[in-house]
Visitor: 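Okay, here's the structure, questions in a sec.
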Amino acid sequence: MNAATRPTPPAPAPADWQRLLSGVARSFALSVKVLPTHLRAPVTLGYLLARASDTLADSMPAGTQGMGEADLRVQALAELRRCIAQVPQGRIALELDLPKVTQCLPGVLSAQERLLLQRLPEVLQAMGQLSPSDQQLIGKVCETIASGQELDLLRFGAGAAQVQGLSDQTELDDYTWRVAGCVGQFWTDLAESHLSDWRSQPLSNMQHAAKRYGMGLQRLNLWRDSAADLAQGRCYWPADRLAQHGLEAATLAQAVAQRDMAVLARMGPCVNQGLSEIRRDLSWGLAYSLAVRPWRLRMASALPALIGLRTVQAMESAGIDALLQSVRVPRSWVRGLMLKLMLGGLTIAGLSALGRSVGALRVSDWARPSGPADGTMSP
């Protein structure tokens, strides 16, 4: 599609949407602020709906007698999915008891999460004001994300008697694709719809890199939050990998809870392998950023990769302790990164140097989007 035939871009997201986004996703909000104007509204609304879906999946209270907590969450997700799917037809009627959801379990829902759920009808109304193509893209990505969240609920349930886990890498890849890899494709499809001459690589290559990028970011979140997930009965470390080190989900959860360093030491090779794979996928994200031309889009797409790669470095330095705590990059480092990007770090050479400083790998073969997931990479 050339510039002459592109649809009129939607108005930028209102400032209060940006504040709402910052309250539930501080790092992601930084990327949205520097996006080209055409992309801010659909990206903001798409993320807010996906985050609302995630909040419902994680925080719905137990309700009527005879119905489990997981069942209620699945019902809530299904209702939100139904409503999002009907927005392009002009039908917006969210049949959720939002006061009940937001007033229950105040220790689980943060103030910003409660505000997001309260404002869901407004977010859906705003989605209905976007172009038909943007509505379709938002609907598609939200449906995929919600399917992953529902699968998660059905797999782990609520209040399980013992820790549940994924069986193998295939299940992990499927889950991370549904809840994050598809977001990379959404981002790419939006750029293709709204921008001209925005990429230096074929679209199939960009989609491949975006998919790996999103999946890597999600795995980083999972590994960083392992302790909290294990405490809630969820283990995202594949069982077949744990078995290679004489471990299983329940054993790992007990070792984390009791800070049993002798048992956790056996997780060392598994953690190192996982972080190495995340570094590979985030390096695809940096390669994606280097292949886009508008400086705003380059900066927006590079930020999560650079912050993620720095987080990988911090987790590697923490070693096994990374299983006991959520490792995060200091805000001061992020502010410094933003300054470096603005002061020449967005050139090919500057961004490549920043990538090397946080351990990025060099993507040396862009021509295999349908081949092995990791492509060909070298230090």
Side-chain angles (χ1 to χ4, degrees), residues 1 3 5-54 84 87-88 92 112 115-116 119-142 144-145 180 182-199 206-207 210 213-214 217 285 288-289 291-308 334-335 337-338 341-342 345-346 351:
M1 183 185 293
T5 61
R6 294 187 189 280
T8 302
D16 62 336
W17 292 352
Q18 296 294 336
R19 287 192 294 270
L20 185 59
L21 182 65
S22 296
V24 295
R26 176 172 57 89
S27 295
F28 185 74
L30 292 175
S31 292
V32 174
K33 285 181 181 179
V34 297
L35 274 175
T37 302
H38 298 19
L39 303 181
R40 290 179 199 166
V43 169
T44 297
L45 294 173
Y47 186 91
L48 288 175
L49 289 169
R51 182 56 186 261
S53 172
D54 184 62
I84 293 173
V87 168
I92 301 174
Q112 290 297 325
L115 179 60
L116 172 58
R119 298 192 63 184
L120 259 181
E122 295 175 59
V123 176
L124 290 164
Q125 291 284 349
M127 175 185 167
Q129 297 173 13
L130 298 177
S131 68
S133 63
D134 284 350
Q135 291 181 45
Q136 290 175 1
L137 289 174
I138 290 175
K140 180 180 178 181
V141 73
C142 286
T144 305
I145 290 171
C182 67
V183 177
Q185 184 170 334
F186 166 68
W187 186 287
T188 302
D189 290 344
L190 275 177
E192 186 71 9
S193 173
H194 285 281
L195 304 175
S196 298
D197 193 30
W198 68 279
R199 52 184 168 81
M206 300 298 286
Q207 290 173 332
Y213 187 9
L217 286 171
Y288 182 100
S289 304
V292 302
R293 294 193 174 97
W295 75 266
R296 286 183 173 276
L297 186 59
R298 176 172 290 176
M299 185 171 183
S301 58
L303 271 172
L306 294 170
I307 295 172
V334 176
R335 288 194 292 268
L337 172 64
M338 296 280 289
L341 288 169
M342 295 299 295
L346 288 172
L351 188 53

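This is a predicted model, so every value here is computed, not measured.
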Visitor: Does Leu21 reach the side chain of Tyr47, with side-chain heavy atoms less than 4.5 Å apart?
Guide: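 Yes, side chains in contact.
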Visitor: So do Leu341 and Leu306 actually touch side chain to side chain, heavy atoms under 4.5 Å?
Guide: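 They are in side-chain contact.
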Visitor: Working to the nearest 0.5 angstrom, can you tell me the gap between Leu190 CG and Ile138 CD1?
Guide: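 It is 7.0 Å, given to the nearest 0.5 Å.
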Visitor: Rounded to the nearest 0.5 Å, how far does CG of Leu48 lie from OG of Ser53?
Guide: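 Reported to 0.5 Å precision, the distance equals 12.5 Å.
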Visitor: Compare every heavy atom of Arg40 with every heavy atom of Val32, then report the nearest pair and how far apart it is.
Guide: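 Closest approach of Val32 to Arg40, heavy atoms only: O-CG, 3.6 Å.
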Visitor: Do Pro304 and Phe28 touch side chain to side chain, with heavy atoms closer than 4.5 Å?
Guide: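 Of all side-chain heavy-atom pairs linking Phe28 with Pro304, none is under 4.5 Å.
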Visitor: Donor-acceptor pair, Arg199 side chain versus Ala291 backbone, under 3.5 Å?
Guide: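 No, the answer is negative, given that no donor and acceptor are paired below the 3.5 Å cut-off.
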Visitor: Rounded to the nearest 0.5 Å, how far apart are CD of Glu192 and OG of Ser133?
Guide: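 The CD atom of Glu192 sits 12.0 Å away from the OG atom of Ser133.
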Visitor: Is it true that a side-chain atom of Arg51 and a backbone atom of Val24 form a donor plus acceptor pair closer than 3.5 Å?
Guide: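 Side chain of Arg51 to backbone of Val24: a pair is present.
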Visitor: Do the side chains of His38 and Ser193 get nearer than 4.5 Å, heavy atoms only?
Guide: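 The answer is no; the side chains never approach within 4.5 Å.
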Visitor: Which pair of heavy atoms, one from Ala41 and one from Leu130, lies closest together, and at what distance?
Guide: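 Closest heavy-atom pair between Ala41 and Leu130: CB-CD2, 4.0 Å.
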Visitor: Within this structure, what is the CG-CD distance for the pair Leu45 and Gln129, rounded to the nearest 0.5 Å?
Guide: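 Spacing of CG (Leu45) from CD (Gln129) equals 9.0 Å.
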Visitor: Please enumerate all residues that pass side chain to side chain contact (heavy atoms under 4.5 Å, CB included) together with Gln185, with sequence neighbours excluded.
Guide: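 By the side chain to side chain contact (heavy atoms under 4.5 Å, CB included) rule, Gln185 matches Lys140, Trp177, Asp189.
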Visitor: With sequence neighbours excluded, what pairs up with Ala50 under the side chain to side chain contact (heavy atoms under 4.5 Å, CB included) test?
Guide: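 Partners of Ala50 under the side chain to side chain contact (heavy atoms under 4.5 Å, CB included) test: Ile145.
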Visitor: Report the distance from atom OG1 of Thr44 to atom NZ of Lys33, rounding to the nearest 0.5 Å.
Guide: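 Between Thr44 OG1 and Lys33 NZ, I get 11.0 Å after rounding to 0.5 Å.
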Visitor: Using the side-chain hydrogen bond (donor to acceptor under 3.5 Å, both in side chains) criterion, which residues pair with Gln125? Sequence neighbours excluded.
Guide: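 With neighbours one apart ignored, the set is empty.
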Visitor: Return the minimal non-hydrogen interatomic distance between Tyr213 and Ala305, and the atom names on each side.
Guide: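 Scanning both residues completely, I find the closest heavy atoms to be OH-N, 2.8 Å.
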Visitor: Write down the atom of Ser22, the atom of Ala29, and the distance for their closest heavy-atom approach.
Guide: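 Scanning both residues completely, I find the closest heavy atoms to be OG-CB, 3.5 Å.
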Visitor: Do Val183 and Thr144 come within less than 4.5 Å of each other through their side chains, counting heavy atoms only?
Guide: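 Sidechains of Thr144 and Val183: no contact.
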Visitor: To the nearest 0.5 Å, what is the distance between CE on Met299 and CE on Met342?
Guide: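 Those atoms lie 5.5 Å apart.
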Visitor: Could you check if a side-chain atom of Trp187 sits within less than 4.5 angstrom of a side-chain atom of Leu297, using non-hydrogen atoms only?
Guide: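 Touching, per the 4.5 Å side-chain cut-off.
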Visitor: Which residues satisfy the ring-ring contact (aromatic ring centres under 6.0 Å, His included) test with Phe186, sequence neighbours excluded?
Guide: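 For Phe186, no residue satisfies ring-ring contact (aromatic ring centres under 6.0 Å, His included) once neighbours in sequence are set aside.
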Visitor: Walk me through it: do Leu120 and Leu49 pass the test side-chain contact (heavy atoms from CB on, under 4.5 Å)?
Guide: CA-CA 8 Å; Leu120 259 181; Leu49 289 169; 3.9 Å; yes
Visitor: Please report the closest heavy-atom contact between Ala52 and Leu116, naming both atoms and the distance.
Guide: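 Reported closest heavy-atom pair: N-CD2, 3.7 Å.
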Visitor: Quick one: which residue pairs count as a salt bridge (charged side-chain N to carboxylate O under 4.0 Å, His left out) with a foot in residues 124-133, not counting sequence neighbours?
Guide: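 As it turns out, there is no salt bridge (charged side-chain N to carboxylate O under 4.0 Å, His left out) pair with a partner in residues 124-133 once direct neighbours are skipped.
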Visitor: Provide the full list of side chain to side chain donor-acceptor pair (under 3.5 Å) pairs with a residue in residues 292-302, sequence neighbours left out, each pair given once.
Guide: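 Residue pairs passing side chain to side chain donor-acceptor pair (under 3.5 Å), neighbours aside: Asp197-Arg293, Ser289-Ser301.
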Visitor: What are the two closest non-hydrogen atoms of Ile84 and Gly139, and how far apart are they?
Guide: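 Looks like CG2-CA, 4.0 Å.
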